[in-house]
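Only one structure is covered here, and it is reproduced in the block below.
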Amino acid sequence: MDTNDAKSYFSVRLLEWYDVHKRDLPWRRSRNPYYIWISEVMLQQTRVETVIPYYHRFLERFPTVEALADAPEEQVLKAWEGLGYYSRARNLQAAVREVKESYGGRVPDSKEEISSLKGVGPYTAGAVLSIAYNKPEPAVDGNVMRVLSRYFLLRDDIAKPSTRIGIEKLARELIPEGKAGDFNQALMELGATVCTPKSPHCLTCPVMELCAGRLEGIADELPVKTKAKPPRPERRAVAFIEGAGEEAGRILARQRPKEGLLASMWELPHVLLPETMPEPEAAGADAAAMRFLREKLAAEYGLNVEPTEPMMDAEHTFSHIHWRLRVYRCRFLGLAEGPAVHDGGVANNTADDDGLRDGDVFLWFGEKELGQYALPNVFLKILKQAGVR
DNA sequence: AAGACGGGGGA
DNA sequence: TCCCCAGTCTT
């Protein structure tokens with residue numbers, strides 16, 4: 001049995017298996033390149049079950065390239081709320097605008113052109129080209145690297161870019177004539193449902209007989225992958241500022257800067273506590289944190305508040321940061337001129353000389369604003385727990 | 001090559 | 001808890 005036999009066996013058996021076992025997923029009901037593209041971007045680092053409801057809502061709201069290109073970015077971000085990696089949404093809209101302007105609204109079908117679009121890397125390019133246009137391009141994601149590492153007993157570290165390149169070359173050779181779309185999806189489907197990261201279901205695998213990893217008894221030790229660094233811890237004090245009078249029942253929110261973490265999203269104002277601050281359990285910790293919160297908000301944003309009492313705790317883990325949040329109830333005293341708080345309107349700070357950083361915009365949040373502007377999940381949860389709606 | 005960039009689900 | 005998920009971009 002030589003390598004070529006193992007390769008053709010793999011491709012043939014995998015396609016037969018896929019024909020019987022493929023899941024009925026929404027984006028498999030169409031070959032519309034725009035639909036396929038949306039699904040592939042949403043699926044980056046995100047599970048199928050999570051994506052499905054977003055996929056339906058997003059396409060209902062933005063059914064065509066034109067509709068997405070013409071939408072306000074704010075609405076796109078809102079449709080992405082809770083899905084994470086928000087640069088995906090921003091890049092997707094920039095790319096769709098490019099498709100509208102430069103390609104007459106038709107998603108390009110060449111590797112060079114589609115790869116030039118924002119947010120379209122090697123995986124997404126291959127996925128759209130193969131699934132929507134049946135072009136013989138590999139689409140190598142985490143599933144594919146795992147499946148092929150096991151079947152061909154590859155011990156290279158899949159965290160290295162060079163390893164992905166090598167697996168792409170291999171995956172390209174495996175594509176059966178005229179079957180690129182089905183084959184690539186079959187490979188990912190096998191990884192998602194049978195050749196799983198932990199305790200793979202080898203006994204139901206269509207290619208188990210020639211799987212080198214299983215035959216060596218080390219399938220569950222593959223692929224080799226260097227483990228990520230743990231997220232750095234941060235403690236933050238959050239201001240829960242309830243409006244009075246005209247703004248009764250509404251909460252003061254801030255829009256984050258247009259770049260970086262959670263770009264352009266809305267949140268409750270908060271500050272990073274110095275590591276020298278006492279732990280939350282220590283005596284006097286809350287008093288110290290409340291003083292720091294008051295001083296920092298005033299200095300950073302011209303936002304004057306009087307923290308009164310701790311309200312709740314929350315935690316949130318990003319891939320690279322771990323937040324421990326303590327929310328303090330605050331009395332609103334006022335906001336210095338510059339980005340004013342308008343009734344119902346987003347403050348404008350286009351002027352650069354207002355002494356405030358880009359993105360320092362405040363707004364009283366009520367039901368209407370919650371339905372209009374995007375917040376990260378951690379702040380949505382805090383507002384929900386506080387009974388704001 | 002390494003870090004930034006969300007959030008959730010399964011073992 | 002840890003790991004990983006239909007990754008891409010920046011430095």
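A, B, ... follow the sequence lines: proteins, then strands. Residue 1 opens every chain.
Side-chain atoms of A/F318 lie closest to B/dG6 of the nucleotides B/dG6, C/dG7, B/dC5. Each of C/dC4, B/dG7, B/dG6 was ranked by its minimum atom distance to the side chain of A/Q45; first place goes to B/dG6.
The CD-P distance, from A/E40 to C/dA6, rounds to 11 Å in whole Å. What separates CG of A/L77 from P of B/dC5 is a distance of 15 Å, to the nearest Å. We find that NE2 of A/H201 is positioned 11 Å from C1' of B/dG10, with the value rounded to whole Å.
The nearest heavy atom of DNA chain B to A/S199 and to A/P161 marks one nucleotide each, and the one closer to the 5' end goes with A/P161. DNA chain B is contacted by both A/T50 and A/K229; A/K229 maps to the nucleotide lying nearer its 5′ end (nearest heavy atom per residue).
Of the residues in residues 140-157 of chain A, not one comes within less than 4.0 Å of DNA chain B through any heavy atom. Near DNA chain C, defined here as any heavy-atom distance below 4.0 Å, the residues from residues 25-39 of chain A are A/L25, A/W27, A/R28, listed numerically.
Between the side chains of A/Q255 and A/S264, not a single donor N or O lies within less than 3.5 Å of an accepting N or O.
Comparing the same atom, P, in B/dG3 and in C/dA6 gives a spacing of 24 Å after rounding to whole Å.
Using a 4.0 Å cut-off, some side-chain N or O of A/Y86 falls inside it from OP1 or OP2 of B/dG7.
In the displayed structure, A/K100 atom NZ is contacted under 6.0 Å by more than 12 heavy atoms of other residues, nucleotides or ligands.
Side-chain N/O atoms of A/T46 and base N/O atoms of B/dG7 include no donor-acceptor pair closer than 3.5 Å.
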Can you pull every protein N or O that's under 3.5 Å from an N or O on nucleotides 9-11 of chain C?
unit_1: C/dC9; atom_1: OP1; unit_2: A/G119; atom_2: N; d: 2.6

